[in-house]
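All of these numbers come straight from a predicted model, not from anything done at the bench. Only heavy atoms go into these numbers, but all of them, side chains included; no hydrogens, no water, no symmetry mates.
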Amino acid sequence: MSETKFPKNEYVVDVGNYHVIGFDMDHTLVRYKLPAVRKLVRQCIFDYLVKAKVLKRSDEECVLRYDHLVTKGLVVDKVHGNLLKLDSDGGVLMAYHGNHQLTPCEIDLEYGKGSKIESLQNSLLAGDRPDDYFLFDTYFDCPVDSVIAVLVEDVDRKSGKKWVAGQKNTTDYTEAWKQLYAGFTHAFRVDAFKDGTGGFFSSMLATPEKYIRRVTPGCHRWIQALRESGHLLFILTSSHADFAEFLLDYSYGKSWRSDFAYVGANARKPGFFAQPPSARPFYHVENYRESSCCPVADLKEGAVYVQGNCAGLTSYFSRLTGVPSPKIAYFGDSLRSDVLCLSKGGWDPVAIVEELFVEKPNNVPVQTRIDTTNGRSVSQQQNGQSSNLSSPAAKRRKLDTSDSDQAEDMDYDGEVLRSDIWGSFFTHTIHGEGGEARVVDTLCAHFLSKYAMTCIPCLPELAPVPVNDVY
């Protein structure tokens with residue numbers, strides 16, 4: 001195997017330079033079986049809308065038929081009811097209204113020729129929720145793309161007016177968005193795990209093996225090696241404390257209580273990073289129930305906390321390490337919650353991008369892997385070229401790892417990670433009137449390229465990597 005030729009977009013990160021290393025829980029430290037989770041989230045939200053009499057049970061057939069619209073990285077326009085794929089500047093590359101794909105002319109009529117949705121980027125970078133748009137950046141929210149399409153068509157049908165691109169203010173779809181968001185709130189509310197309501201948590205509890213992957217032995221060894229080499233490790237998740245306990249016990253094992261110096265739940269990212277400390281106190285949790293939580297001034301090892309703020313946690317790590325300004329790396333999957341706002345707290349984000357299983361782009365920073373058989377670094381991209389792994393033979397692939405103890409089947413369903421309708425998560429090809437084609441970056445690729453230290457498809461990719469090596 002030839003020596004590494006690092007592409008210009010390939011970053012090399014030295015874990016040894018960091019005093020503290022943190023992990024998001026969902027889709028990072030704990031990984032899910034995406035096809036099953038996708039169906040579960042969609043079903044929970046749809047069932048809520050049926051119970052709320054927003055949709056009818058007969059609409060489920062249409063929701064399933066529109067499943068081709070589901071992919072991560074889309075933006076929903078709450079006002080106009082459109083699903084959007086945006087470029088790096090916020091320009092609209094593709095759009096769907098219900099199951100209707102807008103033509104380039106209709107996109108111009110709807111948003112203005114050459115217009116850009118700058119308010120979305122500004123809000124995301126500030127850690128705010130945009131008023132009129134929402135970015136589906138995780139596999140907990142994007143499964144409802146097909147439900148949105150059905151809701152939009154239902155609004156159009158009830159209005160008695162035929163939808164026409166560019167006729168703004170004739171129909172307002174914000175109420176449909178509010179109803180959809182209420183479904184999310186119902187499924188993931190703080191008491192839903194304890195009460196067994198909402199469908200999501202009760203399904204996880206009943207058949208965890210259907211939805212949740214076990215942390216691999218190699219990943220366990222890598223984490224233990226980090227601890228033994230003197231790194232301070234922590235978990236920071238926006239999931240609620242009781243669900244976090246169940247999920248970590250099942251996937252990681254009960255040793256998480258001693259392996260991590262800090263465990264924070266219901267962190268409410270990105271506000272954890274973006275809001276002032278005075279607005280985000282820490283609360284101690286008793287028996288993993290947030291209803292009995294009490295505010296605390298001093299953090300202690302071995303306890304589980306909820307909410308809190310970046311400045312307070314960084315100060316705590318400074319006290320534990322004895323370093324005035326400890327260097328902190330954080331692994332997470334959500335652009336909005338785990339990547340874009342980390343610079344406000346001085347943390348370095350490592351993005352978990354599962355789409356790298358099916359596509360190797362050359363427009364985002366990707367990790368260098370270590371070939372432990374000959375001791376040389378081997379890039380996942382050769383000579384800076386992008387390799388498309390979305391062919392039928394590659395849509396279900398084994399995770400390439402040297403972990404001989406790995407017993408878990410690591411197959412991935414490429415149909416979940418890449419869309420035949422929307423195309424690449426990272427790029428989009430624009431065809432000119434003269435037949436010429438040019439490739440542009442998507443908004444998500446732009447964010448990853450500009451704000452992430454590097455990107456990896458999952459933590460087990462690092463299992464063969466000695467902690468003192470670069471990746």
Side-chain angles (χ1 to χ4, degrees), residues 1 4 6-7 9-32 213-237 248 251-253 255-256 259-260 327-334 338-339 342 347-358 360 364-381 389 397-408 410 412 417 448 452-471:
M1 206 173 276
T4 303
F6 294 115
N9 68 307
E10 191 155 291
Y11 291 9
V12 181
V13 180
D14 187 353
V15 172
N17 282 337
Y18 291 93
H19 306 97
V20 184
I21 299 174
F23 303 93
D24 180 32
M25 184 179 68
D26 297 296
H27 302 287
T28 300
L29 186 61
V30 175
R31 299 169 55 239
Y32 292 90
R213 297 183 183 276
R214 305 273 190 176
V215 173
T216 65
C219 195
H220 269 292
R221 289 194 296 269
W222 182 72
I223 288 174
Q224 292 303 320
L226 287 172
R227 295 182 67 237
E228 292 169 2
S229 62
H231 294 85
L232 198 67
L233 307 182
F234 71 98
I235 298 172
L236 185 70
T237 175
L248 290 169
S251 181
Y252 187 90
S255 65
W256 64 268
D259 288 350
F260 298 93
K327 291 193 66 176
I328 302 172
Y330 183 72
F331 291 77
D333 69 297
S334 169
D338 302 325
V339 175
L342 265 66
W347 296 10
D348 290 339
V350 178
I352 302 295
V353 186
E354 291 171 293
E355 288 73 19
L356 290 172
F357 277 114
V358 295
K360 299 296 179 285
V364 299
V366 296
Q367 92 287 1
T368 299
R369 294 180 51 218
I370 303 298
D371 183 350
T372 55
T373 60
N374 60 16
R376 290 181 300 189
S377 299
V378 180
S379 168
Q380 283 193 320
Q381 298 178 1
L389 299 184
R397 60 184 291 270
K398 293 285 186 180
L399 180 66
D400 184 13
T401 175
S402 62
D403 180 8
S404 59
D405 294 331
Q406 182 173 326
E408 180 187 11
M410 302 294 286
Y412 265 73
L417 297 171
L448 290 169
M453 283 286 292
T454 191
C455 304
I456 60 174
C458 67
L459 285 181
E461 283 281 296
L462 302 182
V465 181
V467 297
N468 292 325
D469 283 344
V470 297
Y471 64 88

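- Put simply, the side chain of L248 does not reach to within 4.5 Å of the side chain of F260, judged on heavy atoms.
- The only option from V339, D338, I456, D24 that meets the side chain to side chain contact (heavy atoms under 4.5 Å, CB included) definition with I352 turns out to be I456.
- Under the 3.5 Å distance criterion, the side-chain polar atoms of H220 are matched with a main-chain donor or acceptor of Y252.
- Interatomic distance, CZ of F331 versus CD1 of I21, reported as 6.0 Å (0.5 Å rounding).
- Taking all atoms of both residues into account, the shortest heavy-atom contact from R213 to Y32 is NE-O, 3.4 Å.
- A donor-acceptor pair under 3.5 Å is absent between the side-chain atoms of T28 and the main chain of M25, judged by distance alone.
- L29 CG to S251 OG: the interatomic distance, rounded to the nearest 0.5 Å, is 7.0 Å.
- Distance NE2/H231 to CD1/I223: 13.0 Å, rounded to 0.5 Å.
- Exactly one residue among L459, L236, V350 makes a side chain to side chain contact (heavy atoms under 4.5 Å, CB included) with F23. That residue is L459.
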Let's go through W347 and V20 carefully: what are the C-alpha distance in whole Å and the side-chain angles of both, what is the deciding distance for side chain to side chain contact (heavy atoms under 4.5 Å, CB included) to 0.1 Å, and is it a yes or a no? CA-CA 10 Å; W347 296 10; V20 184; over 6 Å; no

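- To the nearest 0.5 Å, atom CG of residue L232 and atom CG of residue L226 are 11.0 Å apart.
- In this pair, Y330 and F234 present their aromatic rings parallel. The plane angle is below 30°, not in the 30 to 60° band.
- Going from atom CD of E228 over to atom CZ of R221 covers 12.0 Å, rounded to the nearest 0.5 Å.
- Of the N and O atoms on the side chains of Q224 and R227, at least one donor lies less than 3.5 Å from an acceptor on the other residue.
- The two residues A329 and Y18 come nearest to each other via the heavy atoms N-CD2, 3.5 Å.
- Rounding to the nearest 0.5 Å gives a distance of 7.0 Å between CD of E354 and CG of D333.
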